[in-house]
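Below is one structure, written out as structure tokens; comments come after it.
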Amino acid sequence: MKIATYNVNSVKARLEGVLTWFREAQPDVACLQEIKCETPAFPRAAFEDLGYNCAVLGQKTYNGVALLSKHPMEDIQDGLPGDDADVQARYVEATVTPKGARAVRVGALYLPNGNPPNTEKFAYKLAWMERLYARAKVLLATEEAFALCGDYNVIPTAEDVWDEKAMAEDALARPESRRAFRKLLHLGLTDAFRNCDPRGHQYTFWDYQAGAYQKGHGFRIDHILLSPQAADRLTGAGIDAHVRAWEKPSDHVPVWCTLKP
DNA sequence: ATGGTAGCCTCGCTA
């Protein structure tokens, strides 16, 4: 079972390339972020034609997440619990049950960027991470396999960025952000890519600005965190970095992992 | 040297 995450930076502007990647990568489940459209405007038919079921939580102009699955999805939950006043579309969760394989609960998340630090945006990011931590604890108590996949907007360590010093004051690399990410790991979650690939400096994002991709100025901020029951089944993980060189690319590339049935 | 680019949908905000 292949689970992937991909921040597409507008599903409508990116549809051709995203569909090309789906045909090539053939994920069983894919979590999309920054679809940047309202739920009814999501190009559902294009994905259904490829055999995917869609669970979409959209929003006009900003944010927006979707879960696409080749297998049936049950118990779809829109939004991250913990703040009824939060209107930003950043989380959708569902249980995926492939034929002949054990179920996996999958959460698609788009964690707030949080820049600039020392503003309400950074406070919102940290509060959102507290809510994600609480959600992970609830899911762990079920003792079922789950995967929390998405754009975490956190560079976990100095090994995950082209220049640690250049990013020292950025919300993606601030100690508070890293501490909150480590708190998730310390619950017993596994960073799927890090677990399968010991190399440092493997990136999932390159800014459009200042020729960052050409210069190799990237970060690793898109992650798949697995519960112990899912991590027991982990057989591989990777980053589809070649997608960044395609025409009209997203600034992020897909990250994936594979689980035994 | 506080730049640079992309998307949305108005010309500013978010990333």
Side-chain angles (χ1 to χ4, degrees), chain A residues 5-21 31-44 46 56-66 80 83 85-91 108-129 132 149-156 160-174 176-178 180-181 203-223 239 241-255:
Chain A
T5 179
Y6 188 6
N7 179 324
V8 296
N9 184 19
S10 171
V11 73
K12 286 189 278 186
R14 214 71 63 203
L15 189 57
E16 280 307 307
V18 171
L19 293 175
T20 298
W21 174 75
C31 302
L32 305 186
Q33 301 88 33
E34 284 203 88
I35 61 171
K36 293 188 174 180
C37 65
E38 293 182 294
T39 301
F42 186 82
R44 186 175 289 264
V56 181
L57 183 65
Q59 180 182 338
K60 192 178 177 183
T61 311
Y62 305 119
N63 310 319
V65 289
L80 183 63
D83 182 359
D86 186 0
V87 295
Q88 299 192 33
R90 293 182 177 275
Y91 192 84
L109 66 97
Y110 176 45
L111 209 146
N113 176 296
N115 275 308
N118 307 315
T119 66
E120 69 288 344
K121 289 186 180 179
F122 193 55
Y124 174 62
K125 175 180 195 154
L126 297 179
W128 207 95
M129 294 187 81
L132 184 62
C149 317
D151 176 359
Y152 279 73
N153 270 314
V154 176
I155 299 165
D160 300 305
V161 57
W162 66 280
D163 184 350
E164 172 75 347
K165 283 179 185 153
M167 295 299 289
E169 296 307 314
D170 194 284
L172 279 59
R174 290 293 305 158
E176 300 92 327
S177 307
R178 287 180 168 170
F181 186 80
Y203 306 135
T204 67
F205 169 93
W206 296 262
D207 202 291
Y208 291 122
Q209 301 182 89
Y213 179 63
Q214 289 73 16
K215 294 176 187 167
H217 294 180
F219 330 130
R220 191 172 72 94
I221 54 176
D222 300 270
H223 309 295
I239 300 171
H242 65 285
V243 169
R244 189 63 177 78
W246 288 0
E247 286 293 307
K248 274 196 68 166
S250 171
D251 40 5
H252 296 250
V253 295
V255 179

Taking the six-membered ring for Trp, are A:Phe181 and A:Tyr152 ring centroids under 6.0 Å apart? yes
Before we go on, tell me: are the rings of A:Phe205 and A:Phe219 under 6.0 Å apart, centre to centre?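 Yes, the ring centres sit under 6.0 Å apart.
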Checking all strands, does A:Tyr110 fall into the base, sugar-phosphate, or nothing category for heavy-atom contacts under 4.0 angstrom?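 Here A:Tyr110 touches the backbone only, sparing every base.
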Phosphate oxygens OP1/OP2 of B:dA6: is one of them under 4.0 Å from a side-chain N or O of A:Arg14?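 Result: no.
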May I have the distance from [X] (atom [atom1]) to [N] (atom [atom2]), rounded to whole angstrom?
X: A:Asp207; N: B:dA15; atom1: CG; atom2: C1'; value: 8 Å
X: A:Asn63; N: B:dT14; atom1: CG; atom2: P; value: 10 Å
X: A:Leu15; N: B:dG7; atom1: CG; atom2: C1'; value: 15 Å
X: A:Gln214; N: B:dG4; atom1: CD; atom2: P; value: 16 Å
X: A:Leu111; N: B:dA15; atom1: CG; atom2: P; value: 11 Å
X: A:Gln33; N: B:dA6; atom1: CD; atom2: C1'; value: 18 Å
X: A:Ile35; N: B:dT14; atom1: CD1; atom2: C1'; value: 16 Å
X: A:Lys215; N: B:dG3; atom1: NZ; atom2: C1'; value: 10 Å

Pick the [atom1] atom in [N] and in [M], then give their distance to the nearest Å.
N: B:dC9; M: B:dT14; atom1: C1'; result: 13 Å
N: B:dG4; M: B:dC8; atom1: P; result: 22 Å
N: B:dA1; M: B:dC11; atom1: P; result: 33 Å

Is [Y] close to [X] at the side-chain level, that is, under 4.5 Å between some pair of heavy atoms?
X: A:His217; Y: A:Asp207; answer: no
X: A:Pro254; Y: A:Trp21; answer: yes
X: A:Ile221; Y: A:Asp151; answer: yes

Please enumerate all protein N or O atoms sitting under 3.5 Å from an N or O of nucleotides 9-12 of chain B, with distances to 0.1 Å.
| unit_1 | atom_1 | unit_2 | atom_2 | d |
| --- | --- | --- | --- | --- |
| B:dC9 | OP1 | A:Thr61 | OG1 | 2.9 |

Using side chain to side chain contact (heavy atoms under 4.5 Å, CB included) as the criterion, point out the one residue from A:Leu109, A:Asn153, A:Asp83 that pairs with A:Trp128.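 Among the candidates, only A:Leu109 passes.
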Tell me which of A:Ala13 and A:Gln88 sits closer to the 5' end of DNA chain B, going by the nucleotide each one is nearest to.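 On the 5' side of the pair lies A:Ala13.
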Can you work out whether A:His252 or A:Val11 has the more 5'-proximal nearest nucleotide on DNA chain B? A:Val11
Residues two or more places apart in sequence or in another chain: which of them pass side-chain contact (heavy atoms from CB on, under 4.5 Å) with A:Asn118? none
A:Ile239 to A:Tyr203 - nearest heavy-atom pair and separation: CG2-O, 3.4 Å
Where does the angle between the aromatic ring planes of A:Trp206 and A:Tyr213 fall among parallel (under 30°), tilted (30 to 60°) and perpendicular (over 60°)? perpendicular
Quick one: pull up NZ in A:Lys125 and CE in A:Met129 and give me the separation to the nearest 0.5 Å. 6.5 Å
Among residues 112-121 of chain A, which residues get a heavy atom nearer than 4.0 Å to DNA chain B?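 Heavy-atom contacts with DNA chain B come from A:Asn113, A:Lys121.
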